[in-house]
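All values derive from a computational prediction rather than experimental measurement.
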Amino acid sequence: SMTLWTKAIDVYPRSYVARANRGNYLITDLKAYDQGLIDYNIALEVMPDHINSLENRAIIFLHKENYQAALTDAEMFVKYHPDLPRGYFLKAFTLDRLGRADEAIAEYSRSIALDPKNAEPLANRGIIFYNSKKDYVSAKADFDAAILLDPSKGEPFLNRARCWIKSGNKAEALKDLETARQLGTVVGEEVMQAAQALP
């Protein structure tokens, strides 16, 4: 892929397709974020609404902890493609990193409305409800929904266990912690002790 797209760029240096595809290879296979950023910058100069380039450049900025730049790309994604849930997801994820919990919840809600069968935004919104809002009822509802959609991931079970601990339900907390562990999620000693300490 690298050789193919580099040859294409040598002939057509401003081909946004070649730039985006090489950028994808650079960041996915080589983790070469700075090199990938150069390709996406050129691709977006040529085609400012290119979905793949907007998303992947935002991801690069997130890796580099340049959250304001990531937010700008996520906002452009939403502007150009308002019917696609991924833009709202990226925007929510970035807003959460910026500590803007209420806005992040709103954007995750928009992503969920457009893609109600995707567990990831539900699980992420639940974490914000839990950590930032201390709204354990809403958090648990999101983790319930995420688990129902995709019971193969341990993290929502772990996070739901934390909600069970807050409500004092020892049996359900221990059950979810065991499920999380069986699914390969690391269960910290602190959360296990908190569950076991419940009456």
Side-chain angles (χ1 to χ4, degrees), residues 28 31 33 55-56 58-71 73-75 77-78 84-199:
T28 302
K31 310 301 180 188
Y33 297 112
E55 178 177 357
N56 285 339
I59 291 169
I60 290 171
F61 287 137
L62 286 168
H63 275 284
K64 296 168 76 67
E65 299 185 359
N66 187 345
Y67 299 129
Q68 195 56 54
L71 180 60
D73 276 353
E75 288 173 336
F77 192 122
V78 169
L84 296 181
R86 185 63 178 171
Y88 300 101
F89 181 94
L90 280 171
K91 189 175 178 183
F93 189 92
T94 307
L95 286 165
D96 184 33
R97 292 299 181 273
L98 288 166
R100 293 158 64 175
D102 290 332
E103 294 170 84
I105 288 170
E107 296 302 323
Y108 275 131
S109 297
R110 292 185 178 97
S111 181
I112 292 162
L114 289 167
D115 188 11
K117 294 185 177 181
N118 186 349
E120 191 174 12
L122 282 161
N124 284 10
R125 188 177 68 177
I127 291 169
I128 300 174
F129 277 131
Y130 186 96
N131 289 332
S132 298
K133 308 301 290 181
K134 311 303 179 188
D135 182 351
Y136 307 121
V137 173
S138 295
K140 181 183 172 297
D142 275 353
F143 299 137
D144 286 342
I147 289 166
L148 189 63
L149 286 167
D150 184 3
S152 69
K153 292 184 172 62
E155 195 73 23
F157 285 99
L158 172 60
N159 288 325
R160 189 171 69 177
R162 292 190 171 105
C163 295
W164 288 124
I165 291 168
K166 291 294 183 182
S167 67
N169 193 324
K170 181 177 184 177
E172 292 297 335
L174 291 173
K175 179 181 174 182
D176 274 354
L177 290 174
E178 179 58 28
T179 301
R181 181 176 286 163
Q182 289 176 0
L183 290 170
T185 297
V186 175
V187 175
E189 191 61 32
E190 184 178 342
V191 67
M192 181 61 74
Q193 288 177 353
Q196 292 170 337
L198 291 171

Which distance, rounded to the nearest 0.5 Å, do you find between the [atom1] of [X] and the [atom2] of [Y]?
X: Met192; Y: Leu177; atom1: CE; atom2: CG; answer: 4.5 Å
X: Ile60; Y: Lys31; atom1: CD1; atom2: NZ; answer: 11.5 Å
X: Asp176; Y: Arg181; atom1: CG; atom2: CZ; answer: 13.0 Å
X: Asp142; Y: Arg160; atom1: CG; atom2: CZ; answer: 12.5 Å
X: Phe157; Y: Thr179; atom1: CZ; atom2: OG1; answer: 5.5 Å
X: Asn56; Y: Thr28; atom1: CG; atom2: OG1; answer: 6.5 Å

Beyond-backbone contact of [X] with [Y], side-chain heavy atoms, under 4.5 angstrom:
X: Arg162; Y: Lys166; answer: no
X: Val186; Y: Glu155; answer: no
X: Ser109; Y: Arg125; answer: yes
X: Leu122; Y: Leu149; answer: yes

For the residue pair [X] and [Y], what are the closest heavy atoms and their distance?
X: Lys133; Y: Ile105; result: CG-CD1, 3.8 Å
X: Val187; Y: Ala180; result: CG2-CB, 4.2 Å
X: Ala70; Y: Ala58; result: CB-O, 3.6 Å
X: Ala195; Y: Leu174; result: CB-CD2, 3.8 Å
X: Phe143; Y: Pro156; result: CB-O, 4.0 Å
X: Pro151; Y: Leu183; result: O-CD1, 3.6 Å

Query raised in the report: If you measure from the Lys or Arg side-chain nitrogens to the Asp or Glu carboxylate oxygens, is any gap between Lys140 and Asp144 under 4.0 Å?
Result: yes

Query raised in the report: Less than 4.0 Å between a side-chain N and a carboxylate O, is that true for Glu178 and Lys175?
Result: no

Backbone of [Y] reached by a side-chain donor or acceptor of [X] within 3.5 Å:
X: Lys153; Y: Asp150; result: no
X: Lys170; Y: Gln196; result: yes
X: Ser167; Y: Trp164; result: yes
X: Thr94; Y: Leu90; result: yes
X: Ser111; Y: Pro85; result: yes

Query - For Phe61, ring pair (Phe, Tyr, Trp, His ring centres under 6.0 Å) partners two or more places apart - result: none

Query raised in the report: Run the side chain to side chain contact (heavy atoms under 4.5 Å, CB included) check on Leu95 and Leu71 step by step: do they pass?
Result: CA-CA 7 Å; Leu95 286 165; Leu71 180 60; 4.0 Å; yes

Requested in this report: Would you please say whether a donor-acceptor pair under 3.5 Å links the side chains of Tyr108 and Asn124?
Outcome: yes

